[in-house]
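Notes follow the structure.
Everything quoted here is computed from the prediction, not taken from an experiment. Read the numbers this way: they start at 1 and go in the same order the structure lists the ligands and their atoms.
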Amino acid sequence: MKFFIDTANLDEIKEAYDLGVLDGVTTNPSLMAKEGISGEENIRNHYKTICGIVDDKVSAEVIATDFDGIVKEGKALAKIDDKIVVKVPMIKEGIKAIKYFHSEGIRTNCTLVFSAGQAILAAKAGATYLSPFIGRLDDIAFDGLELISQIVHIYQNYGFETEILAASLRHTMHLVKCAEIGADVVTCPLKVITGLLNHPLTDKGLAQFLADHAKANKG
Ligand code: E4P
């Protein structure tokens, strides 16, 4: 299972990378805006900086929504660094563009996926990654994890090579459940990854071990 961090914040990306378990980064226009990154050149430079931190797989999202625009923007993003994966929205023009990028050997991440039907289309078009948004489905009382199960089942039926990148994770249980279900990748905020570390019995046990050691080694 791959771990991507879902942020454009450089400190958080470094912290996750330093933990030694990070496989990639996903960004989106909202996350870039949150970091105050705007303007074509600044955006490009920010992606370059992120690519300088991690080993591979940095999703950079297009803004265009027409085929020609998506292709132009996606090609420009892919030229920034070999680590870039072009993130394309799940819309008609996006599917056409994913098919085109696939034929050109440019990796894609199909984003804003909320149904199994959309997942089938993206896989048929040759998306490298598929991003179903679990948390946003849960927010509106649909079962996001159920969608992940459904897509895993469908992709297994046909041997689709598109990797299921569970996105919009809100908490560590989402991540653990995705692992049980068999999502290929999860992308989440840093706190969801570091949240996996926590267990009160670990803290209690460690405190006891250290106290016993200190007592036995006094003076
Ligand atoms: C990642 O690719 C998505 O853009 C992201 O996970 C969306 O998460 P959110 O629903 O927390 O905004």
Shortest reach to atom 3 (C) of ligand 1 by a heavy atom, considering only Phe133, Phe4, Tyr129: Phe133
Nearest-option assignment for atom 1 (C) of ligand 1, heavy atoms, candidates Leu169, Val25, Asn109, Asp6: Asp6
Under 4.0 Å from a heavy atom of Arg136: which atoms of ligand 1 are those, numbered in the order shown and with their elements? 7 (C), 9 (P), 10 (O), 12 (O)
Please report, to 0.1 Å, the donor-acceptor pairs under 3.5 Å made by any side chain of residues 86-98, with sequence neighbours excluded.
{"residue": "Lys87", "atom": "NZ", "partner": "Thr27", "partner atom": "O", "Å": "2.8"}
{"residue": "Glu93", "atom": "OE1", "partner": "Phe67", "partner atom": "N", "Å": "2.9"}
{"residue": "Glu93", "atom": "OE2", "partner": "Lys96", "partner atom": "NZ", "Å": "3.1"}

Any Lys87 heavy atom less than 4.0 Å to ligand 1: yes
Provide, to 0.1 Å, the distance between atom 8 (O) of ligand 1 and the closest protein heavy atom, together with that atom's residue and name. Ser168 CA, 3.5 Å
Assess the side chains of Glu61 and Asn28: does a donor N or O sit below 3.5 Å from an acceptor N or O? no
Going only through I, L, V, M, F, W and Y residues with side-chain contacts under 4.5 Å, is there a path from Val85 to Ile80? no
Among all protein non-hydrogen atoms, which one is nearest to atom 4 (O) of ligand 1, and what is the separation to 0.1 Å? Asn28 ND2, 2.8 Å
Classify the side-chain pair Tyr100/Lys75 by whether it contains a donor and acceptor separated by less than 3.5 Å. yes
So is there a nitrogen or oxygen of Arg170 less than 3.5 Å from a nitrogen or oxygen in ligand 1? yes
Do the two ring centres, one from Tyr17 and one from Phe3, sit under 6.0 Å apart? no
Neighbour count above 12 (heavy atom, 6.0 Å) for Lys57 NZ: yes
